[in-house]
Number of protein chains: 2
Amino acid sequence: MELTDRQKQILRAIVDIYVSTAEPVGSKAIAALPDVSCSSATIRNEMAELTQIGLLEQPHTSAGRVPSPAGYRLYIDELMQDYRLSLDETRSLNEALELKSQEFDKMMSQVGKLVSKMTDLPAYTVATRRSEAVAKHFDLIMAGPGSIILVLMLSDDQVKNKLIKLPVSVSESDLKLLAAVLNASLTDLTAEEITGELLEKITRSAGAASPLAPLVMDFTLECLRQQHGDVHLTGQMRLLGQPEYKDAAKAQEVFETLDEELISNLPAVLPKDGPVQFLVGPENVAKELKDTSVVMMRFDIGEGMQGTIGVVGPTRMDYAKITAKLGYFAENLGKMFQKGGAATPPALTEGTEASDK
Amino acid sequence: MELTDRQKQILRAIVDIYVSTAEPVGSKAIAALPDVSCSSATIRNEMAELTQIGLLEQPHTSAGRVPSPAGYRLYIDELMQDYRLSLDETRSLNEALELKSQEFDKMMSQVGKLVSKMTDLPAYTVATRRSEAVAKHFDLIMAGPGSIILVLMLSDDQVKNKLIKLPVSVSESDLKLLAAVLNASLTDLTAEEITGELLEKITRSAGAASPLAPLVMDFTLECLRQQHGDVHLTGQMRLLGQPEYKDAAKAQEVFETLDEELISNLPAVLPKDGPVQFLVGPENVAKELKDTSVVMMRFDIGEGMQGTIGVVGPTRMDYAKITAKLGYFAENLGKMFQKGGAATPPALTEGTEASDK
DNA sequence: TATTGGCACTCAGAAGGAAAGAGTGCTAAG
DNA sequence: CTTAGCACTCTTTCCTTCTGAGTGCCAATA
C-alpha cells in the first residue's frame with residue numbers, strides 16, 4: 001500500500017522532530033510546522049492510520065507518536081533528505097582528519113576517536129581482510145647481542161614486527177641465511193598451508209639460527225590468522241548523553257553487549273550491497289540492543305584491506321547527519337590510505353550552506 | 001593524637017563494611033560484628049569522636065557514618081590488611097596472563113582489559129619512558145616497486161615500522177646506502193639534536209634515495225618525541241555497575257574528565273616513592289573526580305621503559321583486594337616483559353586460602 | 001468527501017503529605 | 001567506663017490527588 005504524499009510528509013516530520021527532541025510528537029506540533037497547511041485534527045486522523053499500518057507507535061494512549069522500527073526503516077530508505085554538511089562542519093572535519101602519520105592500527109584507533117567526537121556517539125572501526133593473507137616478505141635484523149627484530153610484511157600491506165630475545169647470540173650471516181630460507185619457503189602460503197613438516201624443514205636448513213625458526217613461524221601464523229584488525233571501540237560514554245540512556249542500568253546493558261558482541265558479530269554483517277548500512281533497533285545483532293541502532297560505512301584501504309567505521313546510538317538518531325559525516329570520513333580516509341598513508345586532509349571544497357538545525 | 005585500638009578497629013570495620021555495601025554504616029552493624037564486644041552505645045560514642053576528628057562523615061543527622069577522605073587515607077596507610085588472593089583468584093589471574101605474544105602496544109592494551117575485567121572497574125595502562133629515547137638502529141627494506149618498509153629500533157627496545165610508498169622506485173643498493181647513512185648519523189641522538197641542518201646533510205649523502213630522507217626523519221622525530229606510549233583506558237562502563245554512579249549524569253561527568261584528563265595528567269603523578277600509589281577522592285587530579293579514586297602501580301618493562309597500570313573507581317573501593325590483584329599483575333608482567341615478551345604465566349604458587357567474602 | 005472545531009476521556013508524571021524506619025545523641029543507671 | 005532506654009531527626013517510601021498533554025470521535029463545514 002502506497003502512502004499519500006501527506007502521510008509521507010507527516011512521517012518525515014515526526015521522525016525529524018522526534019530525533020531532535022526525544023519526546024513523542026503530538027498532532028499539534030506537526031500542525032504548527034510552517035509547511036503544513038491542515039489542522040491538528042486532520043493530522044490526528046493521518047497519524048491514526050500510520051499507527052494502524054505499523055509505521056508509528058504510541059507509548060501510551062494519551063501520548064504523542066513515535067516512529068516504529070518500520071517507520072525508521074521507511075524513513076531511511078525513502079524519506080530521508082540528504083544532510084549537507086555546513087562549511088563549518090566540513091572545516092572541523094578537515095581539521096580532525098589531520099591524522100598524525102602513524103602505524104596502521106593507531107591510525108584506525110584515532111579515526112574511531114574522531115568519528116565519535118564528531119558525531120558525539122560511540123564509534124568503532126575495524127579493518128577487515130578482503131582475502132586470505134599471505135606473507136610477502138621476511139626480514140631479520142640484528143638489534144644487539146641476542147636481540148633480533150623480525151619484520152613481516154603481509155600481502156595486504158600491513159607490516160608487523162616483533163622483537164625476539166634469545167639467550168644465545170646469532171651471527172649476522174646466520175640471520176641472512178634464515179631470512180633467505182623464510183623468504184623462499186614461507187611466502188605466499190596461507191595459514192593452512194604452513195604445516196609442522198614445513199617447520200621442520202626450515203629448522204633444518206636454518207643452521208645456527210634454528211632456535212629462531214619456531215618463534216618466527218608462530219608469529220607468522222598469528223598474523224596470518226588474524227581475520228580482521230582489532231576492533232577499536234571508543235566514546236562509549238557519549239551514549240550517556242542521550243536521554244534514552246539516562247538510566248545507568250540501561251546504558252550498562254548496552255555496553256556489556258557492545259564490547260564483546262560487536263567485536264565478534266558486526267564484521268559479519270558488513271555492508272555488502274552499498275557503502276552505508278543501517279541496522280535499526282531490532283534488526284540489530286543482539287536483542288539487548290533492540291533500542292540501539294548502528295550506522296556503518298566502509299571504505300577502501302590499500303591492497304587487500306577494507307575498513308569499516310560505525311556509529312552506535314539510540315534508534316532515534318539523526319541518520320542523515322551521521323551518514324553525511326561518516327560519508328565524508330569514509331571518502332577522505334579512503335583517499336588518504338590509498339595514497340600510502342601520508343595524511344594530508346583534502347582541499348576544502350566549497351559547498352552550499354547546510355540546512356542544519 | 002593517637003587513636004585507641006578500639007577506635008582503629010571501628011574505623012577499619014566501617015571502611016570494610018562500607019566498601020562492600022556502599023551504605024552508611026550504623027552503630028548497630030558494628031556492634032553485631034563477632035569480634036566486637038561492646039554495645040552499640042559505646043560504638044556510638046566512639047563514632048562521634050571519630051567524626052569529630054574528621055575521620056568519619058555523616059551524610060545527614062540520622063544516617064550512619066561514612067569514611068571521610070582522611071579516614072580512607074588512614075585506613076590505607078595503617079589499617080588496611082593485606083588481602084590474600086585465593087587460589088581460585090590466582091588461577092584466574094594466571095589464565096588471564098596468558099597473553100598472546102604481540103606487539104608491545106597491543107600487549108599493554110590487552111593488559112588493561114584484563115585488569116579491568118579482573119577488578120570489575122575501569123583500568124588504564126601507560127608505558128612511560130624513564131629516560132630520553134634515541135634511535136638505535138635503522139633498517140630499510142624493499143617491499144615492492146616504490147614500497148619501502150622503514151624499521152626503527154629505539155633505545156627502549158621498542159620497534160616501530162612504517163610502510164612508505166614512493167612514486168618513484170629506488171634500487172636496493174640505494175636503500176642500503178641510505179640505511180648506512182642513517183645508522184651512522186642519526187643514531188644516539190635525542191630529538192633536540194636532530195636539526196634541519198642534519199637533514200640536509202643526510203639528504204645530500206643519500207644519493208638516489210634522497211626523497212626518502214625527510215620522511216624517515218619525520219617518522220623518527222615523531223617516535224622519539226613520544227614521551228609515553230598511548231594511554232589505554234578500558235572498561236569505563238564498569239563504573240556504571242557501582243551504585244554511586246547509577247545516575248548517568250554523574251558517571252558521564254567522570255568519564256568526560258577521565259578520558260582527556262587522565263591521559264595528560266596521570267603520568268605526571270606517577271608513583272615515585274613506592275610501587276603502589278593511591279589517589280583518594282579530593283587528592284585526585286581533577287575536582288570532577290572528587291568522589292573517585294585511583295589505585296596505580298608501576299612495573300618495570302625492558303630497558304628504558306616503565307609501565308603503569310591503574311584502576312579507577314569510587315572512593316569506596318576495595319583497596320586491599322585491588323592492590324593485591326594489581327600487585328600480582330605488576331609482578332608477573334614485569335617478569336614477562338623482562339624475559340623479552342615471551343608470555344608464559346608464572347607457576348602457580350600455593351598460598352593460604354584468602355579471606356574473601 | 002475531506003477537513004475542521006469542539007469536547008469528553010485517558011493516562012503519565014508531578015506534587016504533596018503521611019507513615020515507617022533507621023540511626024543518632026543524651027541521660028541516668030550499672 | 002559502659003550500657004540500656006528514649007526522644008528526636010531525617011530520609012525514604014508509598015499513597016493520593018491534581019494537572020495537562022494528547023487522543024478519538026462527532027457533528028458541522030467547505
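Lettering follows sequence order; numbering is per chain, from 1. These numbers come from a predicted model, not from an experiment.
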Under 3.5 Å, is there a donor-acceptor pair between the side chain of B:S27 and the main chain of B:R44? no
B:E49 CD to D:dC1 P: how many Å, rounded? 11 Å
Distances for protein N/O vs nucleotides 4-7 of chain C N/O pairs under 3.5 angstrom?
{"from": "C:dT4", "atom 1": "OP2", "to": "A:S39", "atom 2": "N", "distance (Å)": "2.8"}
{"from": "C:dT4", "atom 1": "OP2", "to": "A:T42", "atom 2": "OG1", "distance (Å)": "2.6"}
{"from": "C:dG6", "atom 1": "O6", "to": "A:R44", "atom 2": "NH2", "distance (Å)": "3.0"}

Kindly write out the residues that satisfy side chain to side chain donor-acceptor pair (under 3.5 Å) with A:Q242, not counting sequence neighbours, or none if the list is empty. A:R316
Can a donor-acceptor pair be found, under 3.5 Å and without considering hydrogens, that links the side chain of B:S40 to the backbone of B:K28? no
On DNA chain D, check which nucleotide each of A:Q58 and B:E46 is closest to and give me the residue with the more 5' one. B:E46
Write down the distance between CD1 (B:I30) and C1' (C:dG23), rounded to a whole number of angstrom. 13 Å
Between B:E23 (CD) and D:dT11 (C1'), how many Å, whole number? 12 Å
Tell me if a side-chain donor or acceptor on B:T42 pairs with a main-chain N or O of B:C38 at a distance below 3.5 Å. no
Check the side chains of B:Y245 and B:T292 for a donor-acceptor pair under 3.5 angstrom, ignoring hydrogens and angles. yes
Excluding sequence neighbours, so at least two apart, what forms side-chain contact (heavy atoms from CB on, under 4.5 Å) with A:T21? A:I17, A:E23
Spacing of B:M47 atom CE relative to C:dA22 atom C1', expressed in whole Å: 12 Å
Output the rounded distance in Å from NZ (B:K28) to C1' (D:dC6). 13 Å
Partner residues of A:Y75 under the ring pair (Phe, Tyr, Trp, His ring centres under 6.0 Å) criterion, sequence neighbours left out: none
A:Y83 and A:E89: side chain donor to acceptor below 3.5 Å: yes
Only counting residues at least two apart or in another chain, list the ones meeting salt bridge (charged side-chain N to carboxylate O under 4.0 Å, His left out) with B:D35. none
D:dT2 P sits how many Å from B:Q7 CD, rounded? 11 Å
In whole angstrom, what separates A:R65's CZ from D:dA21's P? 18 Å
Quick one: which protein N/O atoms are closer than 3.5 Å to N/O atoms of nucleotides 12-20 of chain C? Pair and distance per line, please.
none

Please state how far atom CD1 in A:I14 lies from atom P in D:dT23, giving the value in whole angstrom units. 9 Å
